[in-house]
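The figures here come from the full heavy-atom set of this structure, side chains too, leaving out hydrogens, waters and symmetry mates.
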Amino acid sequence: MAGKTCVAIASDLRLGNQALNVASFDKIFPVTDRTYIGLSGLATDVLTLRERFRFRVNMYNIKEEREIEPATFAHLVSSTLYEKSPSRGSKPFIAAADILGCLNFAKDFVVAGTASSELFGIAEGLWEPDLEPEDLFETISQTLLNAVDRDAFSGWGAIVHVITPDRVVTRTLKGRMD
């Protein structure tokens, strides 16, 4: 979710299959100090993709001798899932990719996962342009917690990362555990 000078990314912590809960599993990973990626799907695929992105970002850093930009990383994700094209930006940037690698750029918010329809409806109602970091945290937290309450295959708490130009604030939220 995008704010005035910040972005936030959140995910539930549930790892399971259908109605079977197995463990708590973080699905959001730092790429750089100000770029994070959230991955959904089979846990082994999530971990494999995380390692593949880590390798490609390290290779980019070695070759370019600079940190990868968020827009460039979005294209790296797309090219990993499909194929090609770099870009740059310095304002808040969010993007999502489907399983084929088709990018969706948004100025407000993107959603994914089993509760995506619930997330979309609640985010549409709560999100406002130019939210400050604390307001963005509150908005994304309420969006996620309320959406997972309406989806039996989501939950087990949540994690929220608010990324500002100066720092990253990470908070873990308690949620339903059924």
Spacing of T5 atom OG1 and D166 atom CG [to the nearest 0.5 Å]: 8.0 Å

State, to 0.1 Å, how close A10 and L144 come at their nearest heavy-atom pair, and which atoms those are. CB-CD2, 3.7 Å

State, to 0.1 Å, how close A74 and L103 come at their nearest heavy-atom pair, and which atoms those are. O-CD2, 3.6 Å

Mind checking side-chain hydrogen bond (donor to acceptor under 3.5 Å, both in side chains) for T170 and listing every partner two or more places apart, or none if nothing turns up? H161

Considering only heavy atoms from C-beta outward, does the side chain of T164 approach that of V168 to under 4.5 Å? no

Approximate separation, where rounding is to 0.5 Å, of I163 CD1 and C6 SG: 9.5 Å

ILVMFWY network linking I159 to I9, side-chain heavy atoms under 4.5 angstrom: yes

So which atom in A147 and which in I122 form the shortest heavy-atom distance, rounded to 0.1 Å? N-CD1, 3.5 Å

Partners passing side-chain contact (heavy atoms from CB on, under 4.5 Å) against T32 (at least two apart in sequence or in another chain): R34, T35, E67, I68

Restricting to pairs with a member in residues 40-54, which pass side-chain hydrogen bond (donor to acceptor under 3.5 Å, both in side chains), not counting sequence neighbours? E51-R54

Compare all side-chain heavy atoms of T143 with those of M1 and state whether any distance is below 4.5 angstrom. yes

With sequence neighbours excluded, what pairs up with F25 under the side-chain contact (heavy atoms from CB on, under 4.5 Å) test? L15, K27, A43, V46, L47

Side-chain donor-acceptor pairs of residues 129-138 under 3.5 Å, sequence neighbours excluded:
unit_1	atom_1	unit_2	atom_2	d
E134	OE2	R171	NH2	2.8
E138	OE2	Q142	NE2	3.4

Provide the closest heavy-atom pair for F109 versus E124 in the form atom of the first, atom of the second, distance. CZ-N, 3.6 Å

Between V160 and V169, is there a shared hydrophobic cluster once you connect ILVMFWY residues whose side-chain heavy atoms come closer than 4.5 Å? no

Looking at residues at least two apart in the chain, or sitting in another chain, which of them share a side-chain hydrogen bond (donor to acceptor under 3.5 Å, both in side chains) with S116? none

Are Y36 and I94 joined in one hydrophobic group, where the rule is that I, L, V, M, F, W and Y side chains link up if heavy atoms are under 4.5 Å apart? yes

Among the clusters formed by ILVMFWY side chains lying less than 4.5 Å apart, do V162 and L119 turn up in the same one? yes

Verify whether the ring centers belonging to F73 and F53 lie closer than 6.0 Å. yes

Would a single hydrophobic cluster contain both V110 and F120, if residues Ile, Leu, Val, Met, Phe, Trp and Tyr are joined by side-chain heavy-atom contacts under 4.5 Å? no

Between F105 and H75, what is the ring plane arrangement, given parallel below 30°, perpendicular above 60°, and tilted in between? tilted

Hey, mind stepping through N61 and V57 against side chain to side chain contact (heavy atoms under 4.5 Å, CB included) and telling me if it holds? CA-CA 6 Å; N61 293 342; V57 166; 3.8 Å; yes

If I take atom CZ from residue F29 and atom CG from residue L39, how far apart are they, to the nearest 0.5 angstrom? 6.0 Å

